[in-house]
Asker: 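One structure coming up, written as structure tokens, with questions to follow.
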Amino acid sequence: MPTPLHKNQLLDLTVEGYGMDAQGVCRADGFTVFVPSAIDGERVRVRIVKVERRYAFGRVEEVLSPSPARAEPPCPIYRRCGGCASQHMRYEETLLYKQRQVQDCLSRIGGLSIEVPPVLGMEDPWHYRNKGAYPVGGTSSAPRIGFFAPRSHDLVDLPQMGCAIQRGEANAAVGAVKEWMKKSGAEPYDETLHRGLVRHVMARVARTGETMVVLAVNGESVPHPDALVKALQEAVPTLTGVMLSVNTARTNVILGKRLVTLWGADSMIDTLCGLRFRVSPLSFFQVNPDQTEKLYGLALEFAELTGSQTVVDAYCGAGTISLLLARTARRVIGIEIVPEAIADAKENAARNGIENADFLVGASEEVLPRLVREGLTPDVVVVDPPRKGCEEAVLRAIAESAPRRVVYVSCNPATLARDAGLLSSLGYEPRRIQCVDMFCWTGAVESVMCFERRI
């Protein structure tokens with residue numbers, strides 16, 4: 001059956017809700033049209049830009065009846081960059097969109113009727129990110145440092161004001177590197193030809209403002225390194241270290257495996273929930289510490305620990321949640337497939353004087369079933385899986401070990417809903433859920449959900 005729409009067609013449509021990444025959802029002759037930058041309830045003039053078999057994508061040509069929730073994006077590259085999906089909305093509307101998204105997934109995918117309360121947002125949802133990684137392009141005389149446009153490698157240069165969601169120290173570092181490139185003649189990397197030197201600029205900023213800057217380079221050195229260090233020191237008074245990450249491979253991976261310190265320290269200490277963590281260029285550390293403390297605080301609250309429980313933390317990463325759990329549990333077992341993350345977890349445990357947390361290297365879907373077969377009976381299981389969610393073997397092992405409570409930390413409402421439906425079928429009743437806006441102005445939302453075993 002032919003589709004009722006065609007490319008470049010112009011239609012006046014009403015926005016009836018939101019899809020993924022805050023796209024407005026419209027209907028044209030029963031055909032779904034996804035329209036970025038359109039807000040629920042608006043009447044918009046839409047140009048069809050792409051037609052698929054079951055749906056189409058459109059572009060707003062004119063807002064015919066604007067929503068009270070519409071706002072002027074403060075970022076001049078917002079519509080080209082693609083890093084933020086919803087700066088055209090008032091912040092309250094972005095939280096409402098995320099709440100509805102989670103509610104819809106739990107109902108539609110998981111078959112669950114639990115009510116999702118309002119999302120916990122930020123008082124100030126700007127300049128919250130403590131890490132930025134920026135691809136480099138252009139020429140040595142006119143370098144561009146910014147972000148790739150959506151679904152492309154077209155580089156959008158950062159505006160002079162910097163990125164509106166990055167810390168000011170990171171924005172200042174990018175400006176300093178750009179000026180150094182102009183003066184030193186350092187060539188930007190060309191990924192098509194595999195030529196040039198400077199591939200990415202990465203900045204990490206601690207809560208104290210301490211900042212490390214890493215240049216990923218297609219080589220072993222850079223021209224005039226002292227001038228680079230001086231430029232960064234002048235731009236970022238709280239600078240603690242400048243490093244090169246040697247990456248000569250033809251790859252999209254940002255950092256290489258070898259670091260060369262040009263000046264200062266090769267790591268820094270940051271804090272989270274009262275604990276101290278060593279952060280290096282390759283370390284995993286949440287990018288929004290204020291909201292992370294809310295998220296992890298909810299996980300601890302939902303776990304209801306009293307000091308006598310054995311807790312399993314599957315997909316534990318560098319052990320952040322594990323160490324928080326260990327303060328009120330008898331024993332914590334963290335499981336993570338990445339050896340470097342487990343090494344960080346053990347180091348962080350020692351740094352904070354925590355001795356009741358053990359960390360095991362391996363895939364959670366292999367390690368947890370083996371531990372259960374060997375007789376492990378945890379009181380609480382916490383899972384914080386990647387976007388693809390939990391492997392089914394993990395959920396079945398949890399059910400077999402029969403903990404009283406399961407706490408699920410999620411970054412993807414769809415896979416959370418799928419896994420919540422399976423846990424429910426395995427005898428675990430969903431009791432509470434709370435969402436946290438960790439990545440303001442994007443389509444992403446974090447959730448914590450608590451399940452209790454049916455007796």
Side-chain angles (χ1 to χ4, degrees), residues 271-278 284 286 292-339 341-385 390 393-410 419 423 426-432 434 448-455:
T271 60
L272 197 64
C273 299
L275 297 174
R276 290 163 52 83
F277 296 90
R278 175 180 175 270
F284 172 79
Q286 292 282 7
T292 297
E293 290 190 340
K294 293 180 185 178
L295 185 77
Y296 289 175
L298 287 163
L300 291 174
E301 178 186 334
F302 287 7
E304 297 184 26
L305 302 179
T306 61
S308 62
Q309 294 98 332
T310 295
V311 183
V312 169
D313 180 15
Y315 310 95
C316 72
T320 312
I321 295 180
S322 301
L323 300 183
L324 299 175
L325 293 165
R327 296 192 295 192
T328 49
R330 183 179 66 84
R331 181 191 181 201
V332 175
I333 302 169
I335 305 170
E336 170 59 49
I337 194 171
V338 181
I342 288 294
D344 284 344
K346 292 179 178 179
E347 182 180 324
N348 289 326
R351 176 174 290 103
N352 290 281
I354 294 173
E355 299 179 347
N356 61 330
D358 300 315
F359 295 98
L360 305 176
V361 177
S364 292
E365 62 270 24
E366 297 174 1
V367 175
L368 185 56
R370 173 173 59 78
L371 294 176
V372 172
R373 289 194 300 270
E374 293 172 355
L376 177 67
T377 55
D379 301 288
V380 177
V381 174
V382 177
V383 295
D384 185 5
C390 290
V394 171
L395 301 177
R396 294 195 178 277
I398 290 172
E400 185 179 347
S401 66
R404 175 60 191 267
R405 194 168 291 109
V406 178
V407 179
Y408 194 128
V409 182
S410 167
D419 293 349
L423 278 171
L426 293 172
Y428 282 84
E429 189 73 24
R431 293 296 188 191
R432 298 177 66 185
Q434 179 62 60
V448 184
M449 195 166 184
C450 179
F451 302 80
E452 291 187 358
R453 182 165 57 91
R454 299 187 187 101
I455 306 299

Asker: For E304, is there an ion pair with R404 - N to carboxylate O distance below 4.0 angstrom?
Answerer: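 Result for this pair is no, no salt bridge flagged.
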Asker: Do E336 and S322 come within less than 4.5 Å of each other through their side chains, counting heavy atoms only?
Answerer: no
Asker: Please tell me if the side chains of L371 and V312 come closer than 4.5 Å, counting only heavy atoms from C-beta onward.
Answerer: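 Answer no - side chains too far apart.
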Asker: Residues in side chain to side chain contact (heavy atoms under 4.5 Å, CB included) with S401, at least two apart?
Answerer: V372, P378, P403
Asker: Can a salt bridge be assigned to the pair R396 and E400 using a cut-off of 4.0 Å between side-chain N and carboxylate O?
Answerer: no
Asker: Taking side chain to side chain contact (heavy atoms under 4.5 Å, CB included) as the definition, give me every residue that meets it alongside N356, ordered by chain and number, with sequence neighbours left out.
Answerer: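 N356: side chain to side chain contact (heavy atoms under 4.5 Å, CB included) contacts with A326, I354.
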Asker: Looking at every non-hydrogen atom in both residues, tell me the closest pair between P369 and A393 and how far apart they are.
Answerer: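 That closest heavy-atom pairing would be CG-O, 4.0 Å.
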Asker: For the CZ atom of F277 and the CG atom of N352, what is their distance to the nearest 0.5 Å?
Answerer: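 Answer rounded to 0.5 Å: 6.0 Å.
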Asker: To the nearest 0.5 Å, how far apart are OH in Y315 and CD1 in I321?
Answerer: 13.5 Å
Asker: Which heavy atom of C316 sits nearest a heavy atom of F359, and at what distance?
Answerer: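 Heavy-atom minimum between the residues: SG-CD2, 4.0 Å.
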Asker: Looking only at heavy atoms, which two atoms of D379 and S308 are closest? And how far apart?
Answerer: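 So the minimum-distance heavy-atom pair works out to OD2-O, 4.3 Å.
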Asker: Between C390, C450, P430, which is the residue that forms a side-chain contact (heavy atoms from CB on, under 4.5 Å) with Y408?
Answerer: C390
Asker: Would you sort out whether L324 and L275 count as a side-chain contact (heavy atoms from CB on, under 4.5 Å), showing the intermediate values?
Answerer: CA-CA 8 Å; L324 299 175; L275 297 174; 3.4 Å; yes
Asker: Nearest 0.5 Å, what's the CG-CG distance between L300 and L295?
Answerer: 10.0 Å
Asker: Does the side chain of L395 come within less than 4.5 Å of D419's, by heavy atoms?
Answerer: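 Side chain of D419 against side chain of L395, heavy atoms only: contact under 4.5 Å found.
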Asker: Taking the side chain as C-beta and beyond, is there a heavy-atom pair between R432 and F302 under 4.5 Å?
Answerer: yes
Asker: So, do L376 and I333 sit near enough that their side-chain heavy atoms are less than 4.5 Å apart?
Answerer: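 L376 reaches I333 side chain to side chain.
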Asker: Who are the salt bridge (charged side-chain N to carboxylate O under 4.0 Å, His left out) partners of R330, not counting sequence neighbours?
Answerer: none
Asker: Looking at E355, I'd like to know if its CD atom is crowded, meaning that more than 12 non-hydrogen atoms belonging to other residues, nucleotides or ligands lie closer than 6.0 Å.
Answerer: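 Not more than 12 within 6.0 Å, no.
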Asker: Determine the minimum heavy-atom distance between L325 and D313, stating which atoms define it.
Answerer: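 Smallest heavy-atom distance, with atoms named: CD1-CB, 4.4 Å.
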Asker: Minimum heavy-atom separation for R351 to R276, with atom names?
Answerer: CD-O, 3.6 Å
Asker: Starting at CZ of R370, measure out to CG of L360 and round the result to the nearest 0.5 Å.
Answerer: 7.0 Å
Asker: State whether the side chain of R331 and the backbone N or O of T310 hold a donor-acceptor pair below 3.5 Å, judged by distance alone.
Answerer: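 Answer holds: no.
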Asker: Quick one: CG on D384 to OH on Y296, what's the gap to the nearest 0.5 Å?
Answerer: 5.5 Å
Asker: Looking only at heavy atoms, which two atoms of Y428 and R454 are closest? And how far apart?
Answerer: N-NH1, 3.7 Å
Asker: Could you tell me whether the side chain of V448 reaches within less than 4.5 Å of the side chain of E301, counting heavy atoms only?
Answerer: no
Asker: In Å, rounded to the nearest 0.5 Å, how long is the span from CZ of F451 to CZ of R405?
Answerer: 13.0 Å
Asker: Would F284 and V338 count as a side-chain contact (heavy atoms from CB on, under 4.5 Å) here? Give the steps.
Answerer: CA-CA 11 Å; F284 172 79; V338 181; over 6 Å; no
Asker: With a 3.5 Å distance limit and no angle check, can you tell me whether E365 reaches the backbone of V394 through a side-chain donor-acceptor pair?
Answerer: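 Between the backbone of V394 and the side chain of E365 there is no qualifying donor-acceptor contact (under 3.5 Å).
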